[in-house]
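Structure, as structure tokens:
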Amino acid sequence: MKKSFAALTIAFGILLTLACGCGAGGAPASTESGSSAVPLGNAQPVVADGLVDIRVSGQTDLPGNFYLSFVYSRNIIMLDGKGRIVWSKHEEQPYEGASTGWWDFKKHVVNGKTYYSYHDQTGAYDNYGLEGYAPGERVILDENFNEVKRIKFEASNVVSKGDPLDGHDFLLIDLDHYILSGYIHETVFNVPGYEQGSQVVYSYLQEVKGGEVVWDWRSADYPELYALTVTDGTPTAADYANEQTDVPDIIHFNAMRLNDDGNLVCSFRNLSTVLCLDRTKRTDQILWKLSGNGDEFGLTEPEKSSCQHYVTVDGNQIMVFDNGNKNELTRVLTWRIDEQGRAVETVDAHSFNGKFSRACGSAQRIDGSIYVVSFGAATKDNEYMSVIDFATGEKLLSVTQDDPQNFTYRCVYYE
């Protein structure tokens, strides 16, 4: 079928200031723009002591909330559609000199009950010296933000019970049923040309139900992936000779979603690829590859992503936050695919006046042409996120912060 390739440039506006100015006892935070923290349901707003300062301009009439998490600080923030703080949490670093973060703050609705979760990089585990690895545990909160449980790996032939998780993503199917991700540092002997052994960091996914591992996936079991590693985002990612590092981050998992068939659609930054994994099988689990050097859908080079982060699935539509490390141009990139025919029906791309985010970030379609975009490690400014109408180019809401080094992991929207 005929492909279309559209690009839209977005202009950035002047930001007003929203200062997080009171303790967690519940009083609304005063703001220079006249806004204040507002209740969540019948609860009082919570603005935690020591919370990172943010600035907000514009507002929306969206009924839900935005969920912000940070890479190098222990802050999570929930904003309403008008950009006012609803709930937040902050802790100081666990020890002097630490820069641990709380990643992937999100909402879950399970059997009609609301839960929240975030990843706690506790600082207790070795991250192999990798900037993009935050070993820790998933924290589950109830509808009143009380801690319900903390989750780590269950025992398998790859990991031991209690081993730390990676913080990039987490799927909650039920309180005792979830899909976890981790990074494993190990010597492998199946890299072509390096049969004597090569130290690598690979991806491990684990599905747990009732305390038992019911499915898992180990990327090192698929040696064909080694040839697909790109170095646009991480120069040492393909260092199988271990000349510069003994921890080459060869594929770098960063997001996953279940599709309509119950299979797992996953984003891998250092493959510049989205893989679909079969959850009914324990071997031969890769169903297809979209984008990257192993693309099976006939994408042209401009239609491919580069070191993308985040993925959403809506029927045959797959969208990523394309960091664009290869050309230093960040986009929201959407493919509509014919999965059976291994073809792409359309490709749409939206960019932002030359904006470049080297890592992290997210993109989510809220309604029609309205999207929420989190810019992660933006290199040219310190804007965290914005709500954009791609049909008109209008920016409806924008959030920034004074310290560009304290960038967001992602910002997502839930009603």
Side-chain angles (χ1 to χ4, degrees), residues 52 67-78 89-91 93-95 98-108 115-141 147-154 158-159 162-172 178-185 201-208 216-217 219 233-234 247 249 251-257 264 266-270 307-311 321 323 357-362 374-377 384 405-412:
V52 61
Y67 294 67
L68 282 75
S69 52
F70 297 80
V71 173
Y72 294 127
S73 66
R74 302 171 74 78
N75 296 282
I76 47 179
I77 301 174
M78 184 190 298
K89 182 177 179 180
H90 168 79
E91 279 184 8
Q93 292 293 336
Y95 54 86
S99 55
T100 63
W102 285 341
W103 294 20
D104 192 36
F105 180 35
K106 62 177 64 174
K107 176 182 177 180
H108 311 269
Y115 298 93
Y116 305 95
S117 76
Y118 65 93
H119 176 79
D120 181 2
Q121 182 188 6
T122 62
Y125 306 101
D126 182 9
N127 76 339
Y128 314 143
L130 297 175
E131 179 186 25
Y133 177 38
E137 50 202 36
R138 177 62 53 160
V139 182
I140 308 297
L141 310 174
E147 188 170 315
V148 174
K149 64 190 300 185
R150 286 178 173 252
I151 297 170
K152 292 184 281 188
F153 275 129
E154 295 294 338
V158 178
V159 294
D163 278 355
L165 308 179
D166 166 48
H168 279 84
D169 214 342
F170 167 83
L171 296 182
L172 183 70
Y178 29 79
I179 303 177
L180 314 171
S181 71
Y183 289 174
I184 308 298
H185 181 208
V201 173
Y202 64 82
S203 174
Y204 177 64
L205 305 177
Q206 182 185 88
E207 181 173 353
V208 175
D216 59 2
W217 182 78
S219 69
T234 307
V247 286
D249 187 2
I251 68 172
H252 194 92
F253 164 89
N254 58 30
M256 58 184 166
R257 287 290 186 277
L264 203 59
C266 303
S267 167
F268 296 94
R269 167 184 167 87
N270 287 346
C307 302
Q308 77 287 330
H309 193 265
Y310 205 63
V311 65
F321 180 77
N323 294 80
S357 173
R358 64 179 180 83
C360 298
S362 58
S374 166
F375 292 105
Y384 283 162
Q405 301 304 313
N406 184 32
F407 55 88
T408 49
Y409 176 64
R410 63 176 55 137
C411 173
V412 291

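Values reported hereafter were calculated over all heavy atoms of this structure, with side chains retained and with hydrogens, waters and symmetry mates removed. This one's a predicted model, so the numbers in the text were calculated from it and none came from an experiment.
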Parallel, tilted or perpendicular: rings of F253 and H168 (30°, 60°) = perpendicular

Gap separating the CZ atom of R269 from the SG atom of C360, nearest 0.5 angstrom | 8.0 Å

Sorted by chain and number, sequence neighbours left out, side-chain contact (heavy atoms from CB on, under 4.5 Å) with N406 holds for V52, F70, Y72, S73, Y384, Q401, D403

Considering all heavy atoms of both residues, which atom of S69 and which atom of W102 are nearest to each other, and what is their separation?
-> CB-O, 3.2 Å

Exam field: side chain S362 to backbone C411, donor-acceptor pair closer than 3.5 Å | yes

Could you state the interatomic distance from OG1 (T234) to CZ (R358), rounded to the nearest 0.5 Å?
-> 9.5 Å

Flag the pair H309 / Y409 as yes when their ring centroid distance falls below 6.0 Å, and as no otherwise.
-> yes

Any side-chain heavy-atom pair of F407 and S357 under 4.5 Å | no

Within the side chain of Y183, is there an N or O that forms a donor-acceptor pair under 3.5 Å with the backbone of N127?
-> no

Hey, are the side chains of K89 and Y118 touching, using non-hydrogen atoms and a 4.5 Å cut-off?
-> yes

S374 side, atom OG; L68 side, atom CG - distance, nearest 0.5 Å | 7.0 Å

Which residues share a salt bridge (charged side-chain N to carboxylate O under 4.0 Å, His left out) with R74, sequence neighbours left out | E91, D120

Check: V71 main-chain N/O paired with W103 side-chain donor or acceptor under 3.5 Å = yes

Partners passing side-chain hydrogen bond (donor to acceptor under 3.5 Å, both in side chains) against H119 (at least two apart in sequence or in another chain) = none

Which atom pair, heavy atoms only, marks the closest approach of G132 to D166?
-> O-OD1, 4.4 Å

For E137, which residues count as a salt bridge (charged side-chain N to carboxylate O under 4.0 Å, His left out) partner, sequence neighbours excluded?
-> R150, K152

Do Y310 and R257 touch side chain to side chain, with heavy atoms closer than 4.5 Å?
-> yes

On a heavy-atom basis, the closest approach of Y202 and V158 is OH-CG1, 3.8 Å

Do you know the tightest heavy-atom contact between C307 and G233?
-> SG-N, 3.4 Å

Distance only, no hydrogens: is a donor on one side chain within 3.5 Å (strictly under) of an acceptor on the other, for D216 and Y204?
-> yes

Give the minimum heavy-atom separation between V148 and L141, together with the two atoms involved.
-> CG2-C, 3.9 Å

From L264 CG over to E207 CD, what is the distance, rounded to the nearest 0.5 angstrom?
-> 8.5 Å

Check: T408 and F375 side chains under 4.5 Å, non-hydrogen atoms = no

Consider only side-chain N and O atoms of T100 and Q93, and report whether a donor and an acceptor are under 3.5 Å apart.
-> yes

One should read off an interatomic distance between H108 NE2 and Y178 OH, to the nearest 0.5 angstrom, of 12.0 Å

Are L172 and S117 side-chain neighbours, meaning at least one heavy-atom pair lies under 4.5 Å?
-> no

Return the minimal non-hydrogen interatomic distance between H90 and N75, and the atom names on each side.
-> ND1-OD1, 2.7 Å

Which value, rounded to the nearest 0.5 Å, describes the distance between L180 atom CG and F170 atom CZ?
-> 6.5 Å

Donor-acceptor pair between H252 and Y133 side chains, under 3.5 angstrom = no

Results of side-chain hydrogen bond (donor to acceptor under 3.5 Å, both in side chains) for S267 - residues two or more places apart only = N254, Q308

Among all residues two or more places apart in sequence or in another chain, which pass the salt bridge (charged side-chain N to carboxylate O under 4.0 Å, His left out) test with K106?
-> D104, D169

